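Everything below concerns the one structure shown next.
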There are 2 protein chains.
Amino acid sequence: MILDDRKIKILYAIIKDYILTGEPVGSRTISKKYELGVSSATVRNEMSDLEEWGFIIQPHTSAGRIPSDKGYRLYVDQLMEHKSINQDNMKMIERLLQQKVDQIDTLMKEVAKLLSLYTNYTSIVSSPVIHKTKIKHMQLIPLDAHSIILIIVTDANLVTNNVIKMDIPADQTTLNKLSAMLNESLKGLTMEQINLPVIQELKVKMGIYGEIVNPIVDAVAKTIQTKITPEVYLSGTMNMLDFPEFSDIMKAKQIFHTLEKKDVLISILLKNASKGINITIGEENEIEEIKNCSLITASYEIGGRKVGTIGIIGPTRMEYDKVVSLLSYISGNMDKLLKDNSDG
Amino acid sequence: MILDDRKIKILYAIIKDYILTGEPVGSRTISKKYELGVSSATVRNEMSDLEEWGFIIQPHTSAGRIPSDKGYRLYVDQLMEHKSINQDNMKMIERLLQQKVDQIDTLMKEVAKLLSLYTNYTSIVSSPVIHKTKIKHMQLIPLDAHSIILIIVTDANLVTNNVIKMDIPADQTTLNKLSAMLNESLKGLTMEQINLPVIQELKVKMGIYGEIVNPIVDAVAKTIQTKITPEVYLSGTMNMLDFPEFSDIMKAKQIFHTLEKKDVLISILLKNASKGINITIGEENEIEEIKNCSLITASYEIGGRKVGTIGIIGPTRMEYDKVVSLLSYISGNMDKLLKDNSDG
DNA sequence: GTTAGCACTCACAGTAGTTGAGTGCTAACA
DNA sequence: TGTTAGCACTCAACTACTGTGAGTGCTAAC
């Protein structure tokens, strides 16, 4: 099996054409539309080899060829041009993100929207994995006789608020003092650093404030524990319906059903969290329902730590080059985008 | 035009059967399945009248009849049984809502999920219109050199947090004093009561703290202004695809497209906000894209004020009785549900 | 090694023919 | 006068058949 230059060119042409049109590509189309200087008969011979080796598939005898997963794999690994997005698009992106993005959840939503808008595929964005982020500030606020609110601000400007229920009433002054103490002890720690020993130590340290301390510290620990699951934002789900691949309602429903399971999405995204750009093609996907889809993910950093993932899901016939360049650009600038919009 | 008892019974049977099966209902079906004691020929004569008067429609010559919008209208206004949901379902609802519903946005999401799960239609839920709710607590928290966080808690336990950017740094102690002052002046007021005069007065009152006051008070005013738009939560969008009415991809896409426009949904929901239960059938809808849908909405109260709406959208062939009873129950208990889960 | 030529395959679209659910009308009956 | 049996009629939906064309694989000649 020798993939000589001409075979590569033919395979490239087939993939490019199929991604563009969605129709099986015939030998005549290749020889006429792409200037290879050979007749359709020659192309046929080459295609026959490519099919034998599993790079392309013939849906039925009298049809052209379509790329197989293996074909796409070769394409993304070796053939695809890695262009970067152009100036105009960069500007468009910055303009879109500059509006009302003061907090991370708003930014996430905007990024998801942007990705789906620009690619016409479906975007999946996971918010920062909170246990890797550092605590910046904590504040207790009285709500009513039986409950107080715990505000936690992390260094990614993620603000979470949680209601704590307690039997003992607490006044503003006490809560301010407790807040100050919590800050003193926990500020700068990552979520995962706040483990049982730290909590115990904290209880002892704050003991002077009496029995009110226990429920509050417990609530802090529990809140941090439960808030560790990242959020997932989807956008452009309906874009799936634009592709003939999913014009069969049953197939579309299958995928939509999968996309509704946030825990499944999280597990998919986290799997590739450490990898930078990752491309999973068709059958390479572990989830049965998306084995006719391709998934491209890119991890992003905040403060130098890989904390989350952004991704695009679409048909295996996907504009890989365009999607990769966009994801690279946005994931690479996530930190900056957030900083520009919150601190600047 | 006299709608005698028998005609009513026949119309009722047609609607019931069509809602159940989705297939046009023939005269033979009526005379056999529903015990009216008359032959199919008699039913045919009656149906002929009902069609002439516009209550039912014949899709084509050799088909049975289906209800028209006018038919459904008569049904929901006069024929439909108003049953209340049974004990088992009440328990199920309470069990579902009792988990992790400590704040209003979580409750909204859960209610939306519940509605779609229980009905198999698509649910639309709008969060409380914030300008009708009262301020319960305000708190300023330092974030970094250039920004502070403003937390506003309303009496519906809605907690909003907003980043305020400023040139002047502010320490915790000052912010605590400012927070106390804000609370003193604004606590108990509804959002809409905080108008320009109140803001001006506040600035004068707080002037002793120097120039830091202006940006903060402005931010408070602006935040309240911009946070007035309610949130909309959707659930079970994909349930639409389960109905043959929307098996045509184009029709489905049209509706999905509309459902993605949050401002359109808000305007639809707000229109019926004052009405308790409201049913809009097919062509009665003002939005072109949902003229083949029915929309049932119910407004809910918090603290005795109508502040938001929950609703179900689906095909005109909808189980109106079931949906109405569910919406009535949930909207009627919204206040209680929220209180049970947050204060209890 | 390349290409022209040709027989072959098969999805797809279009055209009849058949079926059956359901109707409207008429005439007879209670 | 209302009800019903009977019957001709309609028409969507399904099936079977056919022609078309895009595309292939193979062979023989260049």
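A quick note: this is a predicted structure, and the numbers were derived from the prediction, not measured. Residue numbers start from 1 in every chain, and the chains themselves are labelled A, B, ... in the order their sequence lines are given, proteins ahead of strands.
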For the side chain of [X] and the backbone of [Y], is there at least one donor-acceptor N/O pair under 3.5 Å apart?
X	Y	answer
B:S68	B:F55	yes
A:K83	A:S325	no
B:S126	B:T309	yes
B:S31	B:S39	no
B:S328	B:V324	yes

task = Report the stems of DNA chain D as range-with-range entries sorted by first number; a stem here is at least three consecutive pairs, Watson-Crick or G-U wobble, both distances under 3.5 Å, and write none if there are none.
result =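 DNA chain D forms these stems: C:1-30 with D:1-30.
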
message = Please enumerate all residues that pass side-chain contact (heavy atoms from CB on, under 4.5 Å) together with A:T21, with sequence neighbours excluded.
response =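 Expected list: A:D17, A:E23.
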
request  = Look at B:D69 together with B:R73 and state whether they make a salt bridge at an N to O cut-off of under 4.0 Å.
outcome  =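 Salt bridge between B:D69 and B:R73, a charged N being under 4.0 Å from a carboxylate O: no.
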
request  = Could you tell me whether A:R6 and A:D49 have a side-chain N and a carboxylate O separated by less than 4.0 Å?
outcome  =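 No.
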
Taking only N/O atoms, report every protein-nucleotides 22-30 of chain D pair under 3.5 Å with atom names and distance.
unit_1, atom_1, unit_2, atom_2, d
D:dG23, O4', A:S62, O, 3.4
D:dT24, OP1, A:S27, N, 3.3
D:dT24, OP1, A:R65, NH1, 3.4
D:dT24, OP2, A:S27, N, 3.2
D:dT24, OP2, A:S27, OG, 2.6
D:dG25, OP1, A:R65, NH2, 2.9
D:dG25, N7, A:R44, NE, 3.1
D:dG25, O6, A:R44, NH2, 3.2

query = Tell me the side-chain hydrogen bond (donor to acceptor under 3.5 Å, both in side chains) pairs involving residues 52-66 of chain A, sequence neighbours left out?
reply =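 Those involving residues 52-66 of chain A are A:E51-A:R65.
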
message = Show every side-chain hydrogen bond (donor to acceptor under 3.5 Å, both in side chains) that has at least one partner inside residues 285-296 of chain B, sequence neighbours left out.
response =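 Sorted pair list: B:K271-B:E286, B:S294-B:Y320.
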
request  = Strictly below 4.0 Å, heavy-atom distances to any atom of DNA chain C: list the hits from residues 241-249 of chain A, or just say none.
outcome  =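 When residues 241-249 of chain A is checked for heavy atoms under 4.0 Å from DNA chain C, there are no hits whatsoever.
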
[X] [atom1] to [N] [atom2]: how many Å, rounded?
X	N	atom1	atom2	result
A:K7	C:dT2	NZ	C1'	13 Å
A:I10	C:dG1	CD1	P	15 Å
B:H60	C:dA21	NE2	P	12 Å
B:I30	D:dT3	CD1	C1'	18 Å
B:D49	D:dG2	CG	C1'	13 Å

task = Please assess A:C293 against A:F246 for the test side-chain contact (heavy atoms from CB on, under 4.5 Å), listing each intermediate value before the final yes or no.
result = CA-CA 10 Å; A:C293 294; A:F246 308 113; 3.8 Å; yes

